[in-house]
Enquirer: 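Can you keep this structure in mind? I'll have questions shortly.
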Amino acid sequence: MSQSLVLISHGSFCEALKASTEMIMGPQENIYTVPLLPEEGQEDFAKKFDEVVKDLDDFIVCCDLQGGTPCNVISKKILQGEDIDLYAGMNMPMVIAFINGSLLGTPTDLIQEGTSHITHVNELLMDDDDEDE
């Protein structure tokens, strides 16, 4: 069984990130989402998370924001001894890298993938203009 990815976030960000990634990479059966809805508290979110991962043997978790409720709920589980790899600051390059790594059967450095794709496009455009002269 291959590794799964669980995306967690405030509101529907995790669901939208999965849907947007699937526009590029196609349907993903090993990516799951757990949104924290406005009417839910920590206990509600923890129950939803537990329900999603109960049948997953090998998974990692990416969340939207370090220090936010979704991250804090999973952090508590880690501190209580649960074996969960948790990454904060998720973005589409991280999810695509996870998919590519799964397809190729190679390990992926999610932090490097997530941060290396942050670019100020204006600077790139200006550099290209300078090279054309």
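All figures in this text were calculated on a predicted structure; none of them were measured in a lab.
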Enquirer: Where do Val73 and Phe49 land on the side chain to side chain contact (heavy atoms under 4.5 Å, CB included) test, with the steps shown first?
Expert: CA-CA 9 Å; Val73 168; Phe49 178 84; 5.8 Å; no
Enquirer: About how many Å separate CD1 of Ile8 and OG1 of Thr33, when rounded to the nearest 0.5 Å?
Expert: 11.0 Å
Enquirer: Identify the two heavy atoms, one from Gly68 and one from His10, that lie closest to each other, and give their separation to 0.1 Å.
Expert: CA-CE1, 3.8 Å
Enquirer: Let me confirm one number: the CG-OG distance from Asp57 to Ser2, rounded to the nearest 0.5 Å.
Expert: 10.5 Å
Enquirer: Are any of the side-chain heavy atoms of Leu86 and Cys71 separated by less than 4.5 Å?
Expert: yes
Enquirer: Could you measure the distance from the CG atom of Leu124 to the CE atom of Met126? Nearest 0.5 Å is fine.
Expert: 11.5 Å
Enquirer: Checking the side chain of Ser9 only, and the main-chain atoms of Gly11 only, is there a donor and an acceptor separated by less than 3.5 Å?
Expert: yes
Enquirer: Considering only residues two or more places apart or on different chains, which pairs with a residue in residues 32-45 satisfy salt bridge (Lys or Arg N to Asp or Glu O under 4.0 Å)?
Expert: Glu40-Lys48
Enquirer: Which pair of heavy atoms, one from Gly114 and one from Asn91, lies closest together, and at what distance?
Expert: O-ND2, 3.0 Å
Enquirer: Is there a path of hydrophobic side-chain contacts, each under 4.5 Å between heavy atoms, that joins Leu37 and Tyr32?
Expert: no
Enquirer: Which ILVMFWY residues can you reach from Ile99 by hopping between side chains whose heavy atoms are under 4.5 Å apart?
Expert: Leu5, Leu7, Phe13, Leu17, Ile24, Met25, Ile31, Ile60, Tyr87, Met90, Met92, Met94, Val95, Ile96, Phe98, Leu103, Leu110, Ile111
Enquirer: Give the cluster check for Ile78 versus Leu65: same hydrophobic cluster or not, with ILVMFWY residues linked at side-chain heavy-atom distances below 4.5 Å.
Expert: no
Enquirer: Which salt bridge (Lys or Arg N to Asp or Glu O under 4.0 Å) pairs, counting each pair once, include a residue from residues 81-90, with sequence neighbours left out?
Expert: Lys77-Glu82
Enquirer: Distance-only, no hydrogens or angles: does the Glu22 side chain make a donor-acceptor pair with backbone N or O of Gln28 under 3.5 Å?
Expert: yes
Enquirer: For the residue pair Phe59 and Val53, establish whether any side-chain heavy-atom pair is separated by less than 4.5 Å.
Expert: yes
Enquirer: Evaluate the side-chain proximity of Glu113 to Thr108: yes if any heavy-atom separation is below 4.5 Å, no if none is.
Expert: yes
Enquirer: Taking Asn30 for the side chain and Gln3 for the main chain, is one N or O donor matched with an acceptor at less than 3.5 Å?
Expert: yes
